[in-house]
Amino acid sequence: MSDTADSQQKHADELYAEEGVWHVNVDAGTVFAKRIPGKYRTIKWFTMSTWLIFFLGPYLRWGDRQAVLLDIPARQFHIFDITILPQDVWLLSLTLLFFAILLAVVTSIAGRVFCGYFCFQTVWTDIFTLIEEKIEGNPSKRRKLKDAPLDAHKLRLRATKYFFWLIISMLTGISFAAWFTDAYELWQSYLTLSASSVAWIVLGLFTAGTFILAGFMREQVCFWLCPYARIQGVMYDRETILPTYDFNRGEPRGKLKKGETEAGNGDCIDCHQCVAVCPTGIDIRDGQQEGCITCSLCLDACDAVMDKIGKPHGLIRYASLDEIEGHPTKPFWKRARPLVYLSIMVIAAAGILYGLTHLGSMELKVIHERSPLFVQLSDGSIQNRFDIKILNKQDKQIRVWLTAEGPEGLELIGADEPLDVDSGKLRSHIVYIKVPRQNLLQSRTPLTFVVSNVNDPKDVVRYEGAFFSPRRQ
Ligand code: SF4
Ligand code: SF4
């Protein structure tokens with residue numbers, strides 16, 4: 001054998017030696033996946049790091065309050081300068097629709113990218129298993145430790161691991177709660193044991209949930225529990241690009257002998273490295289399957305094997321079923337499914353944009369007294385009664401003037417003083433409008449109420465209504 005063939009055989013023999021410890025996930029037991037460096041592992045680190053926003057976001061200040069605060073008791077969501085009240089809940093619905101459709105678009109184009117790169121379950125599990133590996137060693141050591149009797153050594157390793165898991169789980173619980181209340185005050189209340197019972201319950205639930213789901217259940221959640229894994233099938237089609245084993249190139253698989261694949265064999269040397277690194281413990285060579293979270297770690301593993309045996313990368317690669325089977329393929333912008341999803345997403349995005357730019361700082365509603373619609377006063381003038389409702393959508397109290405524009409001689413009664421409206425509150429105020437009878441030429445005369453902010457004359461809302469009077473003879 002040449003030097004190159006020798007070294008290829010040596011590498012292959014090393015992989016075959018550990019092959020026995022990798023098995024396909026069929027029994028809901030703990031998966032101990034092998035960690036290897038690679039292009040997709042690096043991408044995964046970048047995407048996982050976006051979760052730092054979850055941990056650090058609540059500490060960002062905006063003026064005298066938290067930049068993003070989901071204030072449920074006050075029923076106000078603050079996002080920098082924008083305040084969203086329950087009246088604007090349609091905006092929240094559109095936002096949820098946008099993200100649901102975004103998930104569908106991405107899934108139809110590139111499978112469960114969200115699961116493999118962003119999902120909290122896979123991200124937290126990845127961090128927990130990294131800690132486990134640092135403390136307990138590689139997968140084969142961890143598997144042995146799992147089956148070993150509990151002695152001082154095992155107890156020490158387990159206690160150390162659980163300690164770090166617990167810290168991360170508690171930080172997760174505190175960070176979640178911090179989006180709903182002032183983050184600095186929350187820390188103070190936890191540290192002085194004066195937090196509300198709700199804050200303690202949230203912390204307890206999130207700590208326990210994170211500890212169990214990321215520490216013990218791991219990707220079994222993706223495999224057996226996650227509803228998204230079940231519904232993804234309806235978003236895929238033959239043109240969806242997924243991590244795929246190229247069976248044309250790989251089969252028939254066979255062991256590397258004397259540094260070479262046997263005559264007639266494909267490029268797969270049956271080393272099981274793709275199974276070894278798979279966090280859900282599946283064998284991608286069995287074809288596309290619901291256990292695949294599209295993390296692409298098997299691409300890194302197989303490319304590393306190909307490097308060692310001198311074959312080109314891409315035996316496992318991002319490809320559609322059509323491409324692998326040699327059928328013509330279309331780019332995603334020419335496929336009906338992603339285009340339909342994208343259209344819905346654009347409509348939702350347009351609605352959100354419209355909502356955000358038209359939220360306004362006040363809302364005005366006017367309810368006309370119906371019974372009676374009008375009264376005739378002793379001086380002959382006609383009077384209508386109105387219930388004015390002013391909603392302050394700002395995060396501070398405002399002072400407003402109420403005026404009215406309409407028929408000549410109109411007199412507004414009950415609005416001599418400016419009105420104070422508390423932040424996020426609706427203020428109701430009764431006023432009367434009186435108009436000389438001779439100035440009313442029809443039974444229904446247009447009338448406009450105007451509310452203007454005393455401290456900001458440009459902050460004005462108007463309401464188009466009507467003034468009612470008896471029919472002229
Ligand atoms: S597909 Fe690649 S990593 Fe998997 S067994 Fe074959 S050669 Fe090894
Ligand atoms: S088969 Fe590959 S892409 Fe799918 S979950 Fe396993 S390692 Fe990730």
Side-chain angles (χ1 to χ4, degrees), residues 8-9 11-26 31-41 43-44 47-48 107 110-119 121-123 125-126 129 139 218-224 226 228-229 232 236 240-257 260-262 265-319 324:
Q8 287 174 357
Q9 187 64 53
H11 285 309
D13 288 344
E14 281 166 14
L15 299 176
Y16 294 142
E18 61 176 56
E19 184 193 341
V21 300
W22 311 120
H23 62 91
V24 175
N25 177 18
V26 287
V31 176
F32 295 100
K34 182 176 176 179
R35 299 178 82 92
I36 62 160
K39 181 171 79 179
Y40 291 100
R41 162 51 73 184
I43 294 172
K44 195 170 162 77
T47 55
M48 283 167 58
T107 308
R112 293 167 70 181
V113 174
F114 170 75
C115 303
Y117 294 92
F118 296 99
C119 173
Q121 177 62 31
T122 56
V123 170
T125 300
D126 200 57
T129 51
R218 308 189 179 181
E219 272 85 0
Q220 298 294 13
V221 173
C222 320
F223 209 100
W224 306 107
C226 177
Y228 176 51
Q232 61 172 330
Y236 282 6
T240 302
I241 297 166
L242 300 167
T244 308
Y245 169 67
D246 185 347
F247 56 84
N248 294 314
R249 189 184 141 188
E251 299 295 318
R253 65 190 76 161
K255 304 279 186 210
L256 193 72
K257 297 224 176 85
E260 286 184 2
T261 48
E262 270 184 32
N265 276 1
D267 282 354
C268 174
I269 62 165
D270 206 17
C271 62
H272 283 81
Q273 286 301 296
C274 47
V275 180
V277 299
C278 179
T280 58
I282 63 167
D283 189 340
I284 189 74
R285 295 174 300 168
D286 294 340
Q288 293 177 356
Q289 47 207 292
E290 67 183 10
C292 176
I293 57 168
T294 322
C295 66
S296 309
L297 298 178
C298 55
L299 276 71
D300 280 342
C302 193
D303 283 348
V305 173
M306 294 296 117
D307 281 342
K308 284 176 182 165
I309 64 168
K311 297 270 163 113
H313 286 181
L315 176 56
I316 305 175
R317 63 176 183 275
Y318 268 100
I324 293 290

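Atoms within a ligand are numbered from 1 in the order they appear, just like the ligands themselves. A quick note: this is a predicted structure, and the numbers were derived from the prediction, not measured.
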Check each heavy atom of Pro243 against ligand 2 and say whether those closer than 4.0 Å belong to the side chain, the backbone, both or neither. side chain
Electrostatic pair Arg253-Asp267, nearest N-O below 4.0 angstrom: no
Pair Asp303 + Lys39: basic N to acidic O under 4.0 Å: no
Can a non-hydrogen atom of Ile293 be found less than 4.0 Å from any atom of ligand 2? yes
Cys302 backbone or side-chain N/O/S under 2.8 Å from atom 2 (Fe) of ligand 1: yes
Heavy atoms only: which of Cys292, Gly116, Ser296 is nearest to atom 4 (Fe) of ligand 2? Cys292
Which residue supplies the protein heavy atom nearest to atom 7 (S) of ligand 1, what is that atom called, and how far is it? Ile269 N, 3.5 Å
What are the atoms of ligand 1, with element, lying closer than 4.0 Å to any heavy atom of [X]?
X	value
Cys274	1 (S), 3 (S), 4 (Fe), 5 (S)
Cys268	1 (S), 5 (S), 6 (Fe), 7 (S)
Arg285	1 (S), 5 (S)

Within less than 2.8 Å of atom 8 (Fe) of ligand 2, any N, O or S from Cys295? yes
Are a donor atom and an acceptor atom from the side chains of His313 and Asp307 found within less than 3.5 Å of each other? yes
How far apart are the C-alpha atoms of Tyr236 and Thr107, what are their side-chain angles, what is the distance that settles it, and do they pass the side chain to side chain donor-acceptor pair (under 3.5 Å) test? CA-CA 7 Å; Tyr236 282 6; Thr107 308; over 6 Å; no
Tell me whether the rings of Phe114 and Tyr228 are parallel (<30°), tilted (30 to 60°) or perpendicular (>60°). perpendicular
